[in-house]
Student: 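Okay, here's the structure, questions in a sec.
Just follow the structure's listing: the first ligand is 1, and inside any ligand the first atom is 1.
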Amino acid sequence: MRTQVAIIGAGPAGLLLSQLLHNQGIDSVVLEARSRDYCERRQRAGMLEQSTVDALRAAGAADRLDREGLVHHGIHLRFDGRNRHIDFPGRTGGKSVTVYGQTEIVKDLIAKRLDEGAELYFDTPVTAIEGIDGDTPRIRFTRDGVEEVLECEVVAGCDGFHGVSRPAIPATVLKTYERVYPFAWLGVLADVAPSTDDLIYAYSERGFALHSMRSPTVSRLYLQVDPDADLADWPDERIWAELHERFALPGWRLEEGPIIDRNITPMRSFVAEPMSFGRLFLAGDAAHIVPPTGAKGLNLAIADVRVLADACVEWFGAGSRAGLDAYSDTCLRRVWRAEHFSYWMTTLLHRDPDAPAFDRRFQLAHLRYVADSEAAMTTLAENYVGYAWNE
Ligand code: APR
Ligand code: PHB
């Protein structure tokens, strides 16, 4: 098999990249380890920056997003018996964000790609990446139990945090930066209309809670839990009781409904540098992870592949490697800004079980400042809607 761009992984990064390349007349093959059903069911985040919505629209993959996406003009910050609504458009030159599940984006892109006859293969794990320091890299993968080889000119490693792409960069070249947090998120999908207009980010002495949504009839709720928490210890009654306590505000009520999905996500900050080596280019979770508090993971993945698609157009169209050579530095500027914002939101809102009482006083002082200072609210707003490095 031969193609121009071999794409490893059919998450949002790999799928959108193959769509953007196709729209520019560049061939790709997407190899995905898991089944289509698995990829389409996995519950993930769902907060899109305006630039992410614009990218999906420009790619021609936003019909359902435009119909079903929920536009939000701000967030609520809740702590210490207070609720501060932070408006975005007035502080960011008119920008908003859109709630639309990553799962839905994946479904839309898979359907569109297959409709257009894309070479997109599920149940096809990549086992090795060879020759990335030469001109014709080779990808080894397994299909129906048989090992096959795909030759290409460019390899896009869109295979998430646990994939095979990042380890293909020599250890002498790759530098990684990591921070692990002493908590995780328990996320539930509940069959009940959201109890709020905009998302609620709540800090309490019992820990962080987030009220998000997926549609006018489905709520998405998160609770800070211990990093080693077990879903078996979290029956529905305990989840609701904890949510009620953490969101408590006089005059406000959280509606309960049947829980239809639940999962626990660890929290980490991680960056790999550089994001490329020879003909291999990492994109999305393969190169970086953010804790979900700032809602940046999906947006960073989309931003990476926009840069990579443009660089491929330069390479295959004009024969210039300039875009590919600049890829890592271009992406890392945005990545580190989002890493810092995600860390900042995380430490602002979570209860660190090991922090001394002194630090908790600092945290409350910081929360009050963010909720009262115009400058601080503008900082939060401009980062949340997406700080524009490349636009
Ligand atoms: N061969 C083929 N595919 C692989 C391999 C492999 N060896 N290893 C992993 N994959 C696949 C995974 O099965 C997964 O479907 O790569 C895909 C990576 O997709 P995602 O994890 O969704 O990563 P990405 O596209 O970068 O999207 C990042 O996902 O975790 C969230 O918060 C994150 O929203 C962000 C988004
Ligand atoms: C979500 O809706 O899943 C979501 C929203 C905002 C976040 C994280 C997750 O910060």
Student: If we ignore angles and hydrogens, is there a donor and acceptor under 3.5 Å between the side chains of E273 and W336?
Tutor: yes
Student: Mind checking whether A10 has an N or O less than 3.5 Å away from an N or O of ligand 1?
Tutor: no
Student: Above 12 or not: heavy atoms from other molecules or residues under 6.0 Å from CZ of F362?
Tutor: no
Student: Does either side chain, that of Y222 or that of R220, offer a donor lying less than 3.5 Å from an acceptor on the other one?
Tutor: yes
Student: Less than 3.5 Å apart, N/O on ligand 2 and N/O on the protein: could you list those pairs with the distances?
Tutor:
| residue | atom | partner | partner atom | Å |
| --- | --- | --- | --- | --- |
| ligand 2 | 2 (O) | S212 | OG | 2.6 |
| ligand 2 | 2 (O) | R214 | NH1 | 2.9 |
| ligand 2 | 2 (O) | R214 | NH2 | 3.4 |
| ligand 2 | 3 (O) | R214 | NH2 | 2.7 |
| ligand 2 | 3 (O) | Y222 | OH | 2.6 |
| ligand 2 | 10 (O) | Y201 | OH | 2.6 |
| ligand 2 | 10 (O) | P292 | O | 3.0 |
| ligand 2 | 10 (O) | T293 | O | 3.1 |

Student: Apply side-chain contact (heavy atoms from CB on, under 4.5 Å) to T217 and list each qualifying residue two or more places apart in sequence or on a separate chain.
Tutor: S215
Student: Using distance alone, determine whether H162 and ligand 1 share an N or O pair under 3.5 Å.
Tutor: no
Student: Out of H288, R44, Q102, R42, who gets a non-hydrogen atom closest to atom 21 (O) of ligand 1?
Tutor: R44
Student: In terms of side-chain geometry, is the basic nitrogen of E49 or K95 positioned less than 4.0 Å from the acidic oxygen of its partner?
Tutor: no
Student: Quick check: does V126 get an N/O under 3.5 Å from an N/O on ligand 1?
Tutor: yes
Student: Any donor-acceptor pair under 3.5 Å linking the side-chain atoms of Q363 with those of D359?
Tutor: no
Student: Would you call K112 and E116 a salt bridge, using N to O less than 4.0 angstrom?
Tutor: yes
Student: Would D372 and R368 pass as an ion pair if we require N to O under 4.0 Å?
Tutor: no
Student: So, regarding A33 and ligand 1 (criterion: nitrogen or oxygen to nitrogen or oxygen, under 3.5 Å), is there a contact or not?
Tutor: yes
Student: Judged on heavy-atom distance to atom 32 (O) of ligand 1, which of G297, P292, A287 sits nearest?
Tutor: G297
Student: Look up atom CD in E130 and atom OG1 in T136, then write down how far apart they are to the nearest 0.5 Å.
Tutor: 11.0 Å
